[in-house]
Amino acid sequence: MLRHAKKGLRRIFDLSERGAERLFSPVLNPLAQLGALSFFLFWVVAVSGIYLFIFFDTGIVDAYSSVEWISGQHWYHAGVMRSFHRYASDLMVVSVAIHLLREFSLDRYRGTRWFSWVTGIPLIWFLYISGITGYWLVWDMLAQYVAVVSAKLLDVFPVFGEPLARNFLTPQHLSSRFFSLLVFLHIAVPLILLLGMWIHTQRISRPKVNPPRLLAALMLSALLGVSLWKPTLSQGPADLTHVPAEVGLDWLFLPLYPLAEAWGEWSLWGLLVGVSVMLAAMPWLPPFRRAPVAKVDLPNCNGCNRCVEDCPYEAIRLVPRTDGEPFPHQAEVNANLCVSCGICMGACPSSTPFRRQQDLKTGIDLTGQPLRDVRESVVAASAELKGTRRVLVLACEHGAGGGDLGGVVTFPCVAMVPPSLIDFILSKDLAEGVVAAGCSESTCYNRLGGEWTKQRFAGERDPYLRKRVERERLATIWASPFESRRYEAEKAAFAARLETLEKAAQRAATEGESDTRLEVEA
């Protein structure tokens, strides 16, 4: 059931991302930037909150009046900032929720990726605590409702000297010191949240914490437009002598508060703890079968650092040499962090199929699919190609090309393909053309595989694709598993272009022979 839910969710995300790519372009696709957008929104909330604090007065008497002064007389700057603060907070909840669902649909939470998943769960708690304490500070009718229900929820734990709910029985029970405590919490909890966000990215190489500038500018413009169109307003002053008859809830931050009244405090706590435990256990349910990790072969490793630079998960590092070879360092794989993507093998300069070794080895190899087997698979796949349109596909198993049936060699990531393998195929006439078929352009399963492949083929990243390789005989197709039709169409179009090239080459050869005969006769 979990597998079917994941597949269905992935299909929904795939359709949404294709639409976002057409609207914004793959580089600016917001669904591929959810983590970075969450970081960005955090800073928007922080800056707008600091600005508001300049005009805010704490205390049971002054809090509401100062907020009204902000939204009324100073609507054009502080009032706009209040709306910015509110809507950016709501949007951060949305981006975090979609980010969690997207990583689940992509299956990017199991195996060695458990750390980022598990450390992300407390962030959800801290995010909600930050928002809830913010609602208290306004001290309107909504704040009164939130404060009373929150106090009842906390009173189920016998950690306070007296029930917190007593503070809200009458105005005389509530003091300004209580508001000072709320201000402290509203500042301290986001700082803890920021620390947690930093920890959350520690096992990720080159984490994206800043969205593209144009996307950030578009988001700020959207927030400004919504803030001017529907400014955030208070719901009347809090009055502890009366119970609020009706309040307007923020259903992104406060959806569970009506349940607390309907189910009872213990039932709601059971739901929250149960969901949190379930989320924390998901990386190990069902047990994850790990693929064999990458392995360093010291006689072929010179410690060049390319595999370290290209690993998306910081699973490789350089350590002092241990075999006495005249190199200062050697690569070392941390098996606990390796996800067996093979990108390191594609980055190694010794990963070349041209080497005439009976037992072909490279500096760093993927144990489950070593370079020797890759070369043999390529030769075997080329033997299956027939006709004049012989196209060999080197495909990521997470993309549409991975489902191809003829003339295809699959890899955990398209960046596992060393550029020299393209040269090998074309120079040995194993095929007329090569297709490097990755997964979705903006949603690489292994984060950086698509980007590294583009840069290698463009000669911008070592190892480079040699200049002697005819670029018109190489095509890249970026298609998700659900885009098989587009993949087949682009592959057919590439085969047709190859046939045109072959005919042009034959005409040129024929004309060259004719010119040679004429010169001889003359």
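Atom CH2 of Trp125 sits in a crowded spot, with more than 12 heavy atoms from other residues, nucleotides or ligands closer than 6.0 Å. Arg213 CZ: 12 or fewer foreign heavy atoms inside a 6.0 Å radius.
The pair Lys428-Asp423 does not count as a salt bridge, with every side-chain nitrogen at least 4.0 angstrom from each carboxylate oxygen. A salt bridge links Arg206 with Glu309; the closest basic N to acidic carboxylate O contact falls under 4.0 Å. A salt bridge links Lys491 with Asp404: the distance from a Lys NZ or Arg NE/NH1/NH2 to an Asp or Glu carboxylate oxygen falls below 4.0 Å. Salt-bridge annotation for Arg86 and Asp90: present, with a side-chain N of the basic residue lying under 4.0 Å from a carboxylate O of the acidic one.
Using a 30° and 60° split on the angle between ring planes, Trp284 and Trp114 fall in the tilted class, from 30° to 60°. Ring geometry for Trp117 against Tyr109 counts as tilted: the plane angle lies between 30° and 60°, on a 0 to 90° scale.
With respect to Leu127, the side chain to side chain contact (heavy atoms under 4.5 Å, CB included) criterion is satisfied by exactly one of Ile132, Val96, Val189: Val96. Of the residues listed (Arg18, His398, Glu17), the one engaging Ser440 in a side chain to side chain donor-acceptor pair (under 3.5 Å) is Arg18, and it is the only one.
Of the possible polar contacts, one joining the Arg390 side chain to the Asp429 backbone as a donor-acceptor pair under 3.5 Å is found. Side-chain atoms of Arg486 do not come within 3.5 Å of backbone N or O of Ser484 as any donor-acceptor pair. Gln33 contributes a side-chain N or O that, together with a main-chain N or O of Val27, makes up a donor-acceptor pair within less than 3.5 Å. The main-chain N or O of Pro312 is never found under 3.5 Å from a side-chain atom of Ser205 such that the two would form a donor-acceptor pair. With hydrogens and angles disregarded, a donor-acceptor distance shorter than 3.5 Å links the side chain of His85 to the backbone of Val45.
Judged by the 6.0 Å and 45° rule, Arg113 forms a cation-pi pair with Tyr445.
Note that CZ of Arg110 and CG of Leu285 are 8.0 Å apart. Values are rounded to the nearest 0.5 Å. The distance from atom CG of Asn300 to atom CG of Leu371, rounded to the nearest 0.5 Å, is 10.0 Å. Note: Arg375 CZ to Thr352 OG1 = 9.0 Å, rounded to the nearest 0.5 Å. Put simply, CZ on Arg321 and CD on Gln330 are 5.5 Å apart, with the number rounded to the nearest 0.5 Å. To the nearest 0.5 Å, the span separating SG on Cys444 from CD on Glu441 amounts to 11.0 Å. Here the CD1 atom belonging to Ile425 is positioned 12.5 Å from the CD atom belonging to Glu432, to the nearest 0.5 angstrom.
Side-chain polar atoms of Arg10 and Ser480 form no donor-acceptor pair below 3.5 angstrom. In the model, Thr443 has a side-chain atom that pairs as donor or acceptor with a side-chain atom of Arg102 under 3.5 Å. Counting only N and O atoms by type, the side chains of Tyr313 and Asn334 include no donor and acceptor under 3.5 Å apart. Side-chain contact check for Ser116 and His200: no donor-acceptor pair (N or O, by modelled atom type) lies under 3.5 Å.
Shown here are the side chain to side chain contact (heavy atoms under 4.5 Å, CB included) partners of Ser382, two or more places apart in sequence or in another chain: Leu430. Judged as a side chain to side chain donor-acceptor pair (under 3.5 Å), and not counting sequence neighbours, Ser221 has no contacts.
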I'd like to know whether Trp478 forms a side chain to side chain donor-acceptor pair (under 3.5 Å) with Ser442, so could you lay out the CA-CA distance, the side-chain angles of the two residues, the decisive distance to 0.1 Å, and finally the verdict. CA-CA 9 Å; Trp478 310 103; Ser442 61; over 6 Å; no
